[in-house]
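No experiment lies behind these values; they were computed from the predicted model shown. Protein chains get the first letters and strands the later ones, always in sequence-line order, with residue 1 at the start of each.
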Protein chains: 2
Amino acid sequence: MTAVGRTAKEKAMRVVSWNINSLRKRLERLLHWLGETKPAVVCLQETKCNDEQFPVAALREAGYHAVFHGQKSYNGVAILATTEPHAVRIGLCDQVDDPQARVIAATIGELQVYSIYAPNGQAVGSTAYAYKMEWYNRLARCLRAQESGLERVLVCGDFNVAPNDEDVHDPALWRGAIMCSEEERAAFRALCGAGLSDTLRLLHPEPGLFSWWDYRMLAFPKNRGLRIDAILAGKDLAAKCTAAGIDREMRKGKEPSDHAPVWADFGS
Amino acid sequence: MTAVGRTAKEKAMRVVSWNINSLRKRLERLLHWLGETKPAVVCLQETKCNDEQFPVAALREAGYHAVFHGQKSYNGVAILATTEPHAVRIGLCDQVDDPQARVIAATIGELQVYSIYAPNGQAVGSTAYAYKMEWYNRLARCLRAQESGLERVLVCGDFNVAPNDEDVHDPALWRGAIMCSEEERAAFRALCGAGLSDTLRLLHPEPGLFSWWDYRMLAFPKNRGLRIDAILAGKDLAAKCTAAGIDREMRKGKEPSDHAPVWADFGS
DNA sequence: GGCTCACGAG
DNA sequence: CTCGTGAGCC
């Protein structure tokens, strides 16, 4: 970036996190939306394809570099960016041989960007739930170990936790259930306590903002959702967050993902 | 029809036969095509849905009555018409309890219309092949037993037989193979010998006209197809056939059926 | 290659 | 409800 570029008025940089629920199934939708909204960085989860199947060429034609970490059938994360990502890291720092592809991180300009897909946990008390809590411990340790601190870090993804009652359409119904238990919320808040801010909530404390709706029971038309996706920002970045929101349009139309993209704009 | 209607110049009535390879999967395509081409009668094969799943309402909105005979997963035949079909008959006349839904017939105006889906036969000599030949015997018997003769009969469908070498992209390659064996061709020609005419060939003796192309190996772009779908017409109707063809456009675009519709126009 | 299914997972 | 899989069929 030139000195002129720095001093000129810069357009806010948009970062988005979207659980796409199969990249191959929704590639056309993704490309159209990239062309329309031109985000600087897109973190994807549940790409559900292995690295050989990743549509590198189509995304390159749409103007995006891509780094990705996938597996067959399940999980899979990626980061798309208009500038080239560097120093790509796969998995949580202390477990490189994780069979589940849930974490990728890369340096994009001055940002340290994570795209993460937390385990669902099935039901409170299940072995899948124990794995989820353990995974959150590992994530926290990994972020604490992040070189150069968290100031320029963004942790974007599907956390599979609705952090507060405001993030739940019917808190009484969901009380204590998976994604809403106190233990899960504590794990999520521990990340925020360690120097990260939930950007959506910095600007929008109001209830009724959701990022996920069950495919069943007309949950979306009734807006019976949860907000389980987030963009967490380190101090320097949180201070520059000028806008944030959820793109509900992406949960409409034919064969939508069950998640809507969560976005945050950062000024210069 | 009024006396005025009879004497006025009438637009040719188009009859189409199309193996749709899943009606539910291609309903939108079908509706669009009905709106564009407005055929009077459409015979469908491989609807692959049971009668409860048949999209009666959507077709009614598109201006079509429908009679159908389906089953779960496989086979399934239907007749769509702009005027109401009557005297609907299911299965081959001498076997009402056939577990395979391959035949439906109905009276539409002065026409006796059959929509038929012949067995594939797998490989010459297989038990599926024996079933196919037996099925052709039953079909021939059933047509011979047709009350009031075959003059006003149309037998439309996927015959799973390429009647002559002109109906095969590479006759040497296919010689003796399933859909091209002499025994199968004899069974098909026996229908024609009994007072029915292959309408496409009445007007188009030339080779290179196909109605089916394998999904694999770029068979359609290379036009490596077979003509295994037909509209057979009784004497009175054959004499009134003014045009015939195959709608190759329907084999293009996203997720086409492997078959293209075969059509014939009948003047007054 | 595209359909069906049943299964497992979300 | 909507994904993936793998098997069976065409």
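F220(B) comes within 4.0 angstrom of nothing in the nucleic acid, heavy atoms only. Here E46(A) lies out of heavy-atom contact (under 4.0 Å) with every strand.
Per the geometry, NZ belonging to K254(B) stands 14 Å off P belonging to dG1(C), to the nearest Å. Nucleotide dT4(C) holds its P atom 10 Å from the OH atom of Y215(B), rounded to whole Å.
For dC9(D), the OP1/OP2 oxygens have no side-chain nitrogen or oxygen of Q122(B) closer than 4.0 Å. Dashed line: the shortest gap from a side-chain N or O of K72(A) to OP1 or OP2 of dG6(D) is under 4.0 Å. Considering only side-chain N and O atoms, S22(A) lies under 4.0 angstrom from the phosphate OP1 or OP2 of dG4(D). The side chain of R26(B) places an N or O atom within less than 4.0 Å of a non-bridging phosphate oxygen (OP1 or OP2) of dC3(C). Not one side-chain nitrogen or oxygen of K48(B) sits closer than 4.0 Å to the OP1 or OP2 atom of dC3(C).
For the ring pair (Phe, Tyr, Trp, His ring centres under 6.0 Å) test with W18(A), the passing option among Y117(A), W33(A), W263(A) is W33(A); the others fail. Of the options E255(B), Q45(B), K48(B), a side-chain hydrogen bond (donor to acceptor under 3.5 Å, both in side chains) to N21(B) is made by K48(B) and by none of the others. Partner of T47(B) under the side chain to side chain contact (heavy atoms under 4.5 Å, CB included) criterion, chosen from L23(B), N19(B), V77(B): L23(B).
Two residues, Y74(A) and M217(A), neighbour DNA chain D, and the one matched to the more 5' nucleotide by heavy-atom proximity is M217(A).
R227(A) and N164(A) form no side-chain donor-acceptor contact under 3.5 Å, judged by distance and modelled atom types alone.
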